[in-house]
Amino acid sequence: NGSLHAAGFPSLGAASFHTSNGSLTLSRIGCSSLEACTTNASVLLSAVGARSAVITSSNGGVTLETVRADGPLELRTTNAQVNLRSVACTRASVETRNGAIQLHEVAAAEAISAATSNAKIQLDRLASPRIRLKSSNAALKGTVIGNPGAYSIISRTSNARSSLPGNWE
């Protein structure tokens, strides 16, 4: 019950960080697998590397900066925004409700999916062969690296517009 801050552990095995009613901040962490979970507060990961990562929060934003996952990356939160900047992984799944999703310089070697409600999804130089985006009541906007025609982009929004090609299947 409170904030948790950890920094400077470059070679952990499986790492699990849990707290409630307080922020969770991890920086300069390296591990085989990562689980980071909090409630009613934010999660911030900076300069973190793992084979796989699961990040969850409720009622708090999730921010990842300079994060690498050699396998899957899963992020879930509610009632808050998700921001990813300079993130690389094999597969990414990003989900929030009532919060925007911003993906800046994100590269997913196999696929990425992002879904939210009542908020926009904004991309800036996203790279992944398979992109799946879903929002309700807000826009889908942004850019991918290179030719958009080279990607499989599936995007859907309701009550707003998408600047990205693709149809929801």
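All values below were derived from every heavy atom in this structure, side-chain atoms included, with hydrogens, water molecules and symmetry-related copies excluded. Predicted, not measured: the structure shown is a model, and the values here were computed from it.
- Of the inter-residue distances, the one linking Ser86 atom OG with Arg125 atom CZ reads 8.5 Å to the nearest 0.5 angstrom.
- Here the closest heavy-atom approach between residue Leu24 and residue Ala36 is recorded as CD2-CB, 3.5 Å.
- Nearest heavy-atom pair, Val94 versus Val82, reported as atom, atom and distance to 0.1 Å: CG1-CG1, 3.7 Å.
- Counting only distance, with no hydrogens or angles, the side chain of Ser128 and the backbone of Ala108 share a donor-acceptor pair below 3.5 Å.
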Could you go through the side chain to side chain donor-acceptor pair (under 3.5 Å) check for Asp124 and Gln122 one step at a time? CA-CA 7 Å; Asp124 178 29; Gln122 179 75 42; over 6 Å; no
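- Atom CD1 of Ile153 and atom CG of Leu123 lie 8.0 Å apart (nearest 0.5 Å).
- The nearest pair of heavy atoms linking Ser23 to Ala41 is N-CB, 3.4 Å.
- One distance of note links OG of Ser32 with CG of Leu12; it measures 8.5 Å at 0.5 Å rounding.
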Steps toward side-chain contact (heavy atoms from CB on, under 4.5 Å) verdict (Asn83, Leu64): CA-CA 6 Å; Asn83 291 301; Leu64 275 61; over 6 Å; no
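- Between Leu45 and Leu34, the shortest heavy-atom distance links the atoms CD2-CD2, 3.6 Å.
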Should Asn98 and Ser117 be marked as a side-chain contact (heavy atoms from CB on, under 4.5 Å) after you check the CA-CA gap, both sets of side-chain angles, and the distance that decides it? CA-CA 5 Å; Asn98 302 315; Ser117 58; 4.0 Å; yes
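- Remark: side-chain polar atoms of Thr77 are not paired, donor with acceptor, to backbone N or O of Thr96 under 3.5 angstrom.
- Of the possible polar contacts, none joining the Ser57 side chain to the Thr39 backbone as a donor-acceptor pair under 3.5 Å is found.
- Between Ile131 and Leu126, the closest side-chain pair of non-hydrogen atoms falls below 4.5 Å.
- Atom CG of residue Leu84 and atom CD of residue Gln102 lie 10.0 Å apart, to the nearest 0.5 angstrom.
- Ser93 places no side-chain N or O within donor-acceptor distance of the main-chain N or O of Ser113, the cut-off being under 3.5 Å.
- Separation of atoms OG1 (Thr116) and CD1 (Ile101) is listed at 5.0 Å; rounding is to 0.5 Å.
- Proximity of a side-chain donor or acceptor of Thr38 to a complementary backbone N or O of Thr19 within less than 3.5 Å is detected.
- Judged by distance alone, the side chain of Thr90 and the main-chain N or O of Asp70 form a donor-acceptor pair under 3.5 Å.
- When every heavy atom of Ala114 is checked against every heavy atom of Leu103, the shortest pair comes out as CB-CD1, 4.4 Å.
- For the pair Ser135 (side chain) and Lys120 (backbone), a donor-acceptor distance under 3.5 Å is absent.
- Between Glu95 and Arg76 there is no salt bridge, since no side-chain N of the basic residue sits under 4.0 Å from a carboxylate O of the acidic one.
- When the side chains of ILVMFWY residues are joined at heavy-atom separations under 4.5 Å, either directly or via intervening members, Phe9 and Val54 end up in two distinct hydrophobic clusters.
- Cys31 approaches Gly13 most closely through the heavy-atom pair CB-O, 3.0 Å.
- No single ILVMFWY cluster, assembled from side-chain heavy atoms under 4.5 Å apart, contains both Leu44 and Leu4.
- Taking 4.0 Å as the cut-off between side-chain N and carboxylate O, Arg91 and Glu110 count as a salt-bridged pair.
- One finds the CG atom of Leu75 at 6.0 Å from the CD1 atom of Ile55 (value rounded to the nearest 0.5 Å).
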